[in-house]
Q: 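So that we are looking at the same thing, I have put the structure below in structure tokens.
Reminder, nothing fancy here: chain letters follow the sequence lines and each chain counts from 1. Just so you know, these numbers use all the heavy atoms, side chains as well, and skip hydrogens, waters and symmetry mates.
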Amino acid sequence: MAPFKNCRWIMIKDSLKQVIEQAIKKAYPEIQASVQLEKPSNPQFGDFATNAALVLSKGVKKNPRDVAQAILQNLSDKEGIIESFSIAGPGFLNFKIKPAKWIEALGEVSSQGERFGKTDAHKGEKVVVELVSANPTGPLHIGNARGGPLGDAIASLLESVGYEVVREYYVNDVGGQIDKLGLSVLYCLGRAVDKNDIGYQGEYVKELSQSVLNDLGEQNIPPDLTEAAGMVGPVGVELMMQDIRKDCEAMAIRFDSWVHEKDFLEKGTTQKIIEELKKKKVTVEKEGALWFVPQDEFLEDRECVLVKSDGRPTYFANDIAYHADKYRRGFHRLVNIWGANHHGHVPRVQAAMKALGYDPEKLQTVLYQYVRVVRGKETVKMSKRAGDFVTAREVLDEVGKDPLRFFLLMRAPESHLDFDLELAKKHSAENPVYYVQYAHARISSIFAKAAEAGIKPPAVYDAKYVGCLNLSEEVALAQLMVDFPFVVELAAEKLDPHRIAYYLLDLARAFQHYYDRARGDDRYRVITEDKARTEAKLFFVGCFRQVMRNGLALLGISAPERM
RNA sequence: GCCCCUGUAGCUCAGUGGAUAGAGCGUCGCCCUCCGAAGGCGAAUGCGGGUGUUCGAUUCACCCCAGGGGCGCCA
């Protein structure tokens, strides 16, 4: 399974690899070696480097530099792809590829278009990505919101490598928290609720209580407090979910599936799972409760409650039922996007899946760290609406969808994130999302200018472009562009969307440098009197725009024509 | 007490065991008759500490220090 075997630049790499491997064979017929090619950290070293000589030196008992020399002496580059080579440092072999080869590789960008960067490596495999799943007892806060763009982008990355992806929201609509929400609402409606029973506060509870009142009608709310809470709680949940759904939509997070915790209880699924666990003899009754007691690498000897002493199953029990259900729905892979506060929950669920006979390796959880909202140097803690946390909606309204997504996606999930409202709002180069979008807008304006002049941009690659695209910046940009599929592959493998964000920043920067050279040097201008060259340059910047769009699309960020 | 995450430039963060560790912001100095200056060029500053594995460690393992989060009947 070589996902990019048809890419021209992969052919460059494979050819080079073969040339080197053959040289090694000639120099050391007794040695079996497979060559690893990598991108040197410093471009001065060339386009590809290999540590083959360092690896081989032990086996052939010669110093690495001599081994490198022997390899080079046996090199035979029949296809003529190598421009130059050298030995460096302790014995690295560096190779420079003929520049024209990189420009040729751009043909792949234009021919694949929107698909450039995608593969079908995992075609036929289904994956469910659980994301957000915020409790419906309050508005979505910025911490939960990190899981939105993150999960969405991870889902897109998985789609890029061929998975069929379901984006799923798990609604925690049962348990003590719902009663608490009900009581909190009733308190706002002036009912005699004990202050200790009020779990939720803030403006939103007041708003919510009014909505609940409008929905139900005062006369329909029973006088008995417990009964009333039982009625009001679920109505509150439904209203909160409407809110959360709207917030997600505004962040361009779409879900294919909504699963309700309540269903596992009401349909008896949880009960059945508990019975199964009992049969597997991984439970014990103790202190009036039922405990899960597996002996495995996940939990060792820790115990967790499945059924509370009051007879109600715990969240954990429902979650086992939910995850077992995911396996039963035939997913090849399960990815959960959870806040770091759930870290203790991860081994529990994995242990339970193992106990039930499901492969725990198929379940993978991305834990993201919390978000701190800052305004310049000052930490923002309070929210008008929610009281003690900043809501996603407030940030969204203040900075907009694209900056929100980019800022949440630009950091590695495990890194603690400072969200700077001031920076995110800036319409200037200080703001990375504007910087990237600006590069796209600039290219678009070149195309607009070409259209005005009646020039039609070429749709496909033509071999004659090579002669018009020989500036060193053009070769460097071409290399960066054809690297995109590998960035996507790596980001998908590691479930790390921030790699795409960083790639886009690199790409934008490289382009801005290139673009700015045209200010004082006509060789860098796209549209000139020279028709053949104009066509080649339009092809070139068209490729650039395509890669940029594909990257932005993965992150769910718009690619504006003008700003 | 135990578990998870983090510690890299003044600040916010990248960095698949390899060569001289990178960006952005901030600071200082330059550049608009020009396909968009929402831009570009140049300068300065660094892997929390210690052991170990390795030819080679910012990267892996262990310990220590610091910050954040979590820890059997909340979800």
Q: What distance, rounded to whole Å, do you find between the two P atoms, one in B:U6 and one in B:U51?
A: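 That atom pair is separated by 23 Å.
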Q: Rounded to the nearest Å, what distance is computed from the CZ atom of residue A:R411 to the P atom of nucleotide B:G15?
A: 11 Å
Q: What I want to check is whether the side chains of A:E474 and A:Y514 have a donor and an acceptor closer together than 3.5 Å.
A: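 There is such a pair between these side chains.
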Q: Is the phosphate of B:G40, meaning OP1 or OP2, less than 4.0 Å from a side-chain N or O of A:Y515?
A: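 No, outside the criterion.
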Q: Starting at atom CG of A:L507, determine the distance to atom C1' of B:A14, rounded to an integer number of angstrom.
A: 16 Å
Q: For the pair made of CG in A:N51 and P in B:U16, what is the distance, rounded to whole Å?
A: 17 Å
Q: Counting only side-chain nitrogens and oxygens, does A:R562 get under 4.0 Å of the OP1 or OP2 atom of B:G36?
A: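 So the side chain of A:R562 is outside the cut-off, no N or O lying under 4.0 Å from OP1 or OP2 of B:G36.
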Q: How many whole angstroms separate atom CZ of A:R442 from atom P of B:C35?
A: 11 Å
Q: Mind checking the C1' distance from B:C13 to B:G56? Whole angstroms is fine.
A: 27 Å
Q: Does any donor atom in the side chain of A:N341 or A:Y370 lie under 3.5 Å from an acceptor atom in the other side chain?
A: yes
Q: So, using side chain to side chain contact (heavy atoms under 4.5 Å, CB included) as the criterion, who are the partners of A:S444 when residues are at least two apart?
A: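 A:S444: side chain to side chain contact (heavy atoms under 4.5 Å, CB included) contacts with A:H440, A:R545, A:E561.
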Q: Any sub-3.5 Å donor-acceptor pair from A:T270's side-chain atoms to A:F264's backbone N or O?
A: yes
Q: Could you measure between the two P atoms, the one in B:G72 and the one in B:G10, and give it in whole Å?
A: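 Their P atoms lie roughly 41 Å apart.
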Q: Return the pairing partner of B:G1 with a 3.5 Å limit on both distances, Watson-Crick or G-U wobble; otherwise return none.
A: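 B:G1 is paired, partner B:C71.
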Q: How is A:R372 classified with respect to the nucleic acid when contacts are heavy atoms under 4.0 Å: base, sugar-phosphate, or nothing?
A: nothing
Q: Any donor-acceptor pair under 3.5 Å linking the side-chain atoms of A:R411 with those of A:Q369?
A: no
Q: Heavy atoms under 4.0 Å is the rule here; annotate nucleotides 68-75 of chain B 5' to 3' with B where the base is hit, S where only the sugar-phosphate is, and - elsewhere.
A: BBS-BBSB
Q: In whole Å, I'd like the distance from the CG atom of A:L408 to the C1' atom of B:U12.
A: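 These atoms are roughly 14 Å apart.
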Q: Scan A:A439 against the nucleic acid and name what it touches under 4.0 Å (heavy atoms): base, sugar-phosphate only, or nothing.
A: nothing
Q: Output yes when a side-chain donor or acceptor of A:T137 lies under 3.5 Å from a complementary backbone atom of A:Q177, and no otherwise.
A: no
Q: Answer with yes or no after comparing the ring centroid distance for A:Y438 and A:Y515 against a 6.0 Å cut-off, counting only values under it.
A: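 No, the ring of A:Y438 stays outside the 6.0 Å limit from the ring of A:Y515, centre to centre.
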Q: Go through the structure and list residues passing salt bridge (Lys or Arg N to Asp or Glu O under 4.0 Å) with A:E168, not counting sequence neighbours.
A: A:R329
Q: Using atom P in both nucleotides, what's the gap between B:C3 and B:G42 to the nearest angstrom?
A: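 After rounding to an integer number of Å, I get 49 Å for this pair.
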Q: Strictly under 4.0 angstrom, non-hydrogen atoms only: write out the protein contact profile of nucleotides 26-34 of chain B, one letter per nucleotide from the 5' end, B, S or -.
A: S-------B
Q: Between A:L409 and A:A153, which heavy-atom pair has the shortest distance, and what is it?
A: CD2-CB, 3.8 Å
Q: Report the distance from atom CZ of A:F486 to atom P of B:G15, rounded to the nearest whole Å.
A: 19 Å
Q: Whom does B:C34 pair with, Watson-Crick or G-U wobble, provided both distances fall under 3.5 Å?
A: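 Result: none.
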Q: Can you list the residues that meet the salt bridge (Lys or Arg N to Asp or Glu O under 4.0 Å) rule with A:K354, with sequence neighbours excluded?
A: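 Residues passing salt bridge (Lys or Arg N to Asp or Glu O under 4.0 Å) with A:K354: A:E297.
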Q: Answer yes if the ring centres of A:F484 and A:Y503 are under 6.0 angstrom apart, and no otherwise.
A: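 Judged by ring-centre distance (under 6.0 Å), A:F484 and A:Y503 do meet the cut-off.
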Q: Can you tell me the distance, in whole Å, between the CZ atom of A:F419 and the P atom of B:C11?
A: 22 Å
Q: Going by purine N1 to pyrimidine N3 plus the second Watson-Crick contact, or the G-U wobble pair, all under 3.5 Å, which nucleotide sits opposite B:U12?
A: B:A23
Q: Does a nitrogen or oxygen in the side chain of A:Y435 sit under 4.0 Å from OP1 or OP2 of B:G40?
A: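 It does, given that an N or O in the side chain of A:Y435 lies less than 4.0 Å from OP1 or OP2 of B:G40.
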Q: Roughly, in whole Å, what's the span from OH in A:Y438 to C1' in B:A37?
A: 6 Å
Q: Can you sort out which residues in residues 491-506 of chain A have a heavy atom within less than 4.0 Å of RNA chain B? Ascending by number, please.
A: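 RNA chain B contact set from residues 491-506 of chain A: A:H498, A:R499, A:Y502.
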Q: Considering every strand shown, what is the Watson-Crick or G-U wobble mate of B:G7 when both distances are under 3.5 Å?
A: B:C65
Q: Check the chi torsion on B:C34 and let me know: syn if it falls within 90° of 0, anti if not.
A: anti
Q: Is the shortest side-chain N/O distance from A:T528 to OP1 or OP2 of B:C35 below 4.0 Å?
A: no
Q: For B:G17 versus B:G1, give the span between their P atoms, rounded off to a whole number of Å.
A: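 My reading of the P atoms in B:G17 and B:G1 gives 34 Å.
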Q: Please say whether more than 12 non-hydrogen atoms of neighbouring residues, nucleotides or ligands are located less than 6.0 Å from NZ in A:K180.
A: no
Q: Rounding to an integer number of angstrom, what distance separates B:U53 and B:A57 when you compare their P atoms?
A: 11 Å
Q: Is the shortest side-chain N to carboxylate O distance from A:K449 to A:E452 below 4.0 Å?
A: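 A:E452 and A:K449: not salt-bridged.
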Q: Does B:G46 adopt a syn or an anti glycosidic conformation, taking syn as a chi angle within 90° of 0?
A: anti
Q: Would you kindly say whether A:H323 and A:N336 are connected by a side-chain donor-acceptor distance under 3.5 Å?
A: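 Their side chains do contain a donor-acceptor pair, which is all the 3.5 Å distance test asks for.
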Q: Verify the stacking flag for A:F92 against B:G18: centroid separation must be under 5.5 angstrom and the ring planes must differ by under 30 degrees.
A: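 No; centroid distance or tilt outside limits.
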Q: When the P atoms of B:C47 and B:G7 are considered, how many whole Å apart are they?
A: 14 Å
Q: Between B:A19 and B:C64, how many Å separate the two P atoms, rounded to a whole number?
A: 31 Å
Q: Contact class for A:S445 vs. all strands (heavy atom < 4.0 Å): base, sugar-phosphate, or nothing?
A: base
Q: Categorize A:A412 for me: base, sugar-phosphate, or nothing, with a 4.0 angstrom heavy-atom threshold over every strand shown.
A: sugar-phosphate
